[in-house]
Amino acid sequence: MASSPITFFVFSVLFIVLLSSIPIQTQANKPHVINFQSPNLYPEGLAYDPSAQHFIVGAQRHRTIYSVSDAGVVDLLVSDTDLPENVTFLGLAVDTVNNRFLAAVQAMEPLPPFSALAAYDLRTRRRLFLTPLPSADASSRQIANGVAADFKGNAYVTNAAANFIWKVNSEGDASIFSRSPLFSAYPVDPESPFSFCGLNGIAYVSKGYLLVVQSHTGKLFKVDAEDGTAREVLLPENLPLAVGIAMRRNGDIVVNSQKKMWFLKSQDNWSEGVVYDKTELEVERFPTSVAVAAEDRVYVIYGHFLEGTAGNSEREMFSIAEVRSEKESKEETVWIYVLVGLGLAYFMVWRFQMRQLVGNMNKKTN
């Protein structure tokens with residue numbers, strides 16, 4: 001019995017450690033929203049730099065890339081005047097292994113054709129290379145869109161118009177990497193919104209493959225990072241107009257469209273997957289990209305991109321907003337109640353033991 005205070009102390013420490021490891025989301029702790037000011041930015045891409053703990057966004061038509069802090073402080077990272085005038089930065093990716101960030105550069109119609117991948121050093125912000133991306137044929141339209149990087153220094157860029165994937169090695173040499181027939185195997189209604197937009201968001205998985213969403217079909221593909229072969233990931237539902245994708249630390253993914261965020265998981269390395277939650281997004285603010293930041297928190301960029309493409313140049317304020325899964329929040333709350341219950345139960349047992357100990361000591365004293 002004399003050891004019970006020590007036992008109580010040990011269990012108390014373990015209880016506190018377990019409790020502190022669970023992120024508590026309550027009504028008082030609302031989703032994080034970063035409002036930032038940058039006139040006429042209209043950003044499409046979003047990435048998170050964990051080393052600097054800030055987001056990275058690219059401008060529409062201004063040849064500039066910025067960082068945005070948690071507090072909404074905006075700093076210029078890149079102003080690349082070597083690029084053609086009025087080009088747009090679309091997909092962005094941070095390659096922490098090789099200390100660089102990548103940007104898909106696209107001249108939108110009616111500008112002269114230009115599709116490229118730019119790489120910049122994360123520390124010096126110096127451009128490492130600017131690689132024009134080859135077309136499959138002279139007549140086909142190109143849209144350099146989503147970007148991902150593997151651990152070997154290779155970058156992968158989706159062509160949203162021609163439905164294939166480029167590969168750019170660490171030296172900046174580009175090639176057409178995957179032209180799987182599967183990318184064109186599903187019917188598309190030419191009258192539907194964004195029917196021209198095919199392969200879009202892309203993410204690299206450390207086990208050696210890519211996950212790619214296709215906007216106009218709502219399909220998710222698994223692409224081998226060595227030979228480019230593709231398979232459809234079997235899902236219980238399509239992901240209509242999916243544009244962005246990001247990996248979480250536990251291997252789950254998040255996919256966004258302009259209307260919603262899907263939370264997905266897989267038990268078999270993405271041969272199949274399930275949608276375990278959905279969250280509605282603010283359609284009128286036109287969210288285009290998703291990123292996973294510190295503590296595995298999910299964010300979208302509200303860049304009003306479509307407004308910018310229509311020629312509106314009056315907006316100054318934009319937002320990066322946290323998006324939460326309601327089911328995850330409920331599960332976290334349940335765990336907190338379980339731990340609190342265990343702690344109270346142990347406290348009652350300890351209190352009972354202490355009463356017995358005090359009673360025995362009184363008997364010996366008498």
ask   = Would you say the side chain of Tyr209 lies within less than 4.5 Å of the side chain of Asn269, judging by non-hydrogen atoms?
value = yes
message = Could you report the tightest heavy-atom contact between Phe151 and Asn98, atom names first, then the distance?
response = O-ND2, 4.3 Å
remark   = Taken to the nearest 0.5 Å, the spacing of Ile165 CD1 from Phe177 CZ works out to 7.0 Å
Trace of the side chain to side chain contact (heavy atoms under 4.5 Å, CB included) decision for Val68 with Phe318 = CA-CA 11 Å; Val68 181; Phe318 304 92; over 6 Å; no
remark   = When every non-hydrogen atom of Pro50 is compared with those of Val94, the smallest separation belongs to CD-CG1, 4.4 Å
task = Decide if the gap between the ring center of Tyr48 and the ring center of Tyr299 is smaller than 6.0 angstrom.
result = no
request  = Look at the side chain of Asn163 and the backbone N and O of Leu199, then say whether any donor-acceptor pair between them is shorter than 3.5 Å.
outcome  = yes
query = Under 3.5 Å, is there a donor-acceptor pair between the side chain of Thr309 and the main chain of Leu306?
reply = yes
note = dist Asp49:CG -> Ile56:CD1 (nearest 0.5 Å) comes out at 5.0 Å
inquiry  = Using side-chain heavy atoms (C-beta onward) and a distance below 4.5 Å, is Pro113 in contact with Gln142?
reply    = no
ask   = Do the side chain of Arg285 and the main chain of Tyr302 share a donor and acceptor less than 3.5 angstrom apart?
value = no
task = Flag this pair as yes if the NZ/CZ of Lys219 is under 6.0 angstrom from the six-membered ring centre of Tyr186 and inside a 45 degree cone about the axis; otherwise no.
result = yes
ask   = Thr124 side chain to Asp121 main-chain N or O, any donor-acceptor pair under 3.5 Å?
value = no
request  = Measure from the side-chain N and O atoms of Arg61 to the backbone N and O of Gly308, and report whether any donor-acceptor pair falls under 3.5 Å.
outcome  = yes
Expected output: side-chain Ser289 to main-chain Glu44 donor-acceptor under 3.5 Å = yes
note = Looking only at heavy atoms, the pair that brings Asn238 and Pro240 closest together is O-CD, 3.2 Å
message = Can you confirm whether Val78 sits close enough to Phe101 that some side-chain heavy atom of one is under 4.5 Å from a side-chain heavy atom of the other?
response = yes
Whether Trp166 side chain and Pro134 backbone form a donor-acceptor pair below 3.5 Å = yes
ask   = In the single-linkage hydrophobic clustering (I, L, V, M, F, W, Y; side-chain heavy atoms under 4.5 Å), do Leu210 and Val213 co-cluster?
value = no
query = Where do Glu307 and Tyr42 come nearest, in terms of heavy atoms and distance?
reply = OE2-OH, 3.1 Å
Pair Ser115-Gln106, side-chain hydrogen bond (donor to acceptor under 3.5 Å, both in side chains): steps then yes or no = CA-CA 5 Å; Ser115 303; Gln106 181 64 41; 2.8 Å; yes
message = Quick one, Val73 and His54 - any side-chain contact, counting heavy atoms below 4.5 Å?
response = no
ask   = Who pairs with Ala185 by side-chain contact (heavy atoms from CB on, under 4.5 Å), at least two apart in sequence or on another chain?
value = Leu182
query = Rounded to the nearest 0.5 Å, what separation is found between the CZ atom of Arg324 and the CZ atom of Arg297?
reply = 6.0 Å
task = Please tell me if the side chains of Gln53 and Asp70 come closer than 4.5 Å, counting only heavy atoms from C-beta onward.
result = no
query = Are the side chain of Glu322 and the backbone of Val298 linked by a donor-acceptor contact shorter than 3.5 Å?
reply = no
task = To the nearest 0.5 angstrom, please state how far the CD1 atom of Ile65 sits from the CG atom of Leu92.
result = 6.0 Å
ask   = Can you name the residues that form a side-chain contact (heavy atoms from CB on, under 4.5 Å) with Ser215, not counting sequence neighbours?
value = Cys197, Asn200, Val243
note = Between Leu130 and Ala118 the two heavy atoms that sit nearest each other are CD1-CB, 3.9 Å
request  = Would you sort out whether Tyr156 and Asp150 count as a side chain to side chain contact (heavy atoms under 4.5 Å, CB included), showing the intermediate values?
outcome  = CA-CA 8 Å; Tyr156 304 88; Asp150 64 21; 2.8 Å; yes
note = The single option from Thr279, Asp252, Asp277 that satisfies side chain to side chain donor-acceptor pair (under 3.5 Å) with Ser325 is Asp277
request  = Examine distances only and state if a side-chain atom of Thr88 and a backbone atom of Leu90 form a donor-acceptor pair shorter than 3.5 Å.
outcome  = no
query = Under the side-chain contact (heavy atoms from CB on, under 4.5 Å) test, which residues partner Phe129, sequence neighbours left out?
reply = Arg100, Leu117, Ala119, Thr131, Val168
ask   = Roughly how far, to the nearest 0.5 Å, is CG of Asn40 from CD of Gln60?
value = 10.0 Å
task = Measure from the side-chain N and O atoms of Thr158 to the backbone N and O of Gly146, and report whether any donor-acceptor pair falls under 3.5 Å.
result = yes
message = Please tell me whether Met247 and Met261 are part of a single hydrophobic cluster in this structure, the criterion being side-chain heavy atoms less than 4.5 Å apart.
response = no
query = So do the side chains of Leu128 and Arg126 get within less than 4.5 Å of each other, counting heavy atoms only?
reply = yes
Shared hydrophobic cluster for Ile176 and Val223 (ILVMFWY, side-chain gaps under 4.5 Å) = no
request  = Could you check whether the rings of Phe305 and Phe286 sit parallel, tilted or perpendicular, using 30° and 60° as the cut-offs?
outcome  = parallel
query = Can Val254 and Trp262 be said to form a side chain to side chain contact (heavy atoms under 4.5 Å, CB included), step by step?
reply = CA-CA 6 Å; Val254 284; Trp262 292 275; over 6 Å; no
ask   = Nearest heavy-atom pair of Gly244 and Val290: which atoms, and what distance?
value = C-CG1, 3.6 Å
inquiry  = Please say yes or no: joined through hydrophobic side-chain contacts below 4.5 Å, possibly via intermediate residues, are Ile202 and Ile253 part of one cluster?
reply    = no
inquiry  = Can you tell me how far apart NZ (Lys222) and OG (Ser271) are? Round to the nearest 0.5 Å.
reply    = 4.5 Å
query = How about Phe55 and Tyr66: are their ring centres within less than 6.0 Å of each other?
reply = no
query = Where do Phe183 and Val212 land on the side chain to side chain contact (heavy atoms under 4.5 Å, CB included) test, with the steps shown first?
reply = CA-CA 10 Å; Phe183 299 153; Val212 190; 5.9 Å; no
task = Could you tell me whether the side chain of Lys259 reaches within less than 4.5 Å of the side chain of Leu241, counting heavy atoms only?
result = no
key: 4.5 Å side-chain heavy-atom contact, Tyr120 and Asp80   = yes
task = Identify the residue among Lys265, Glu328, Lys327 that makes a side chain to side chain donor-acceptor pair (under 3.5 Å) with Tyr276.
result = Glu328
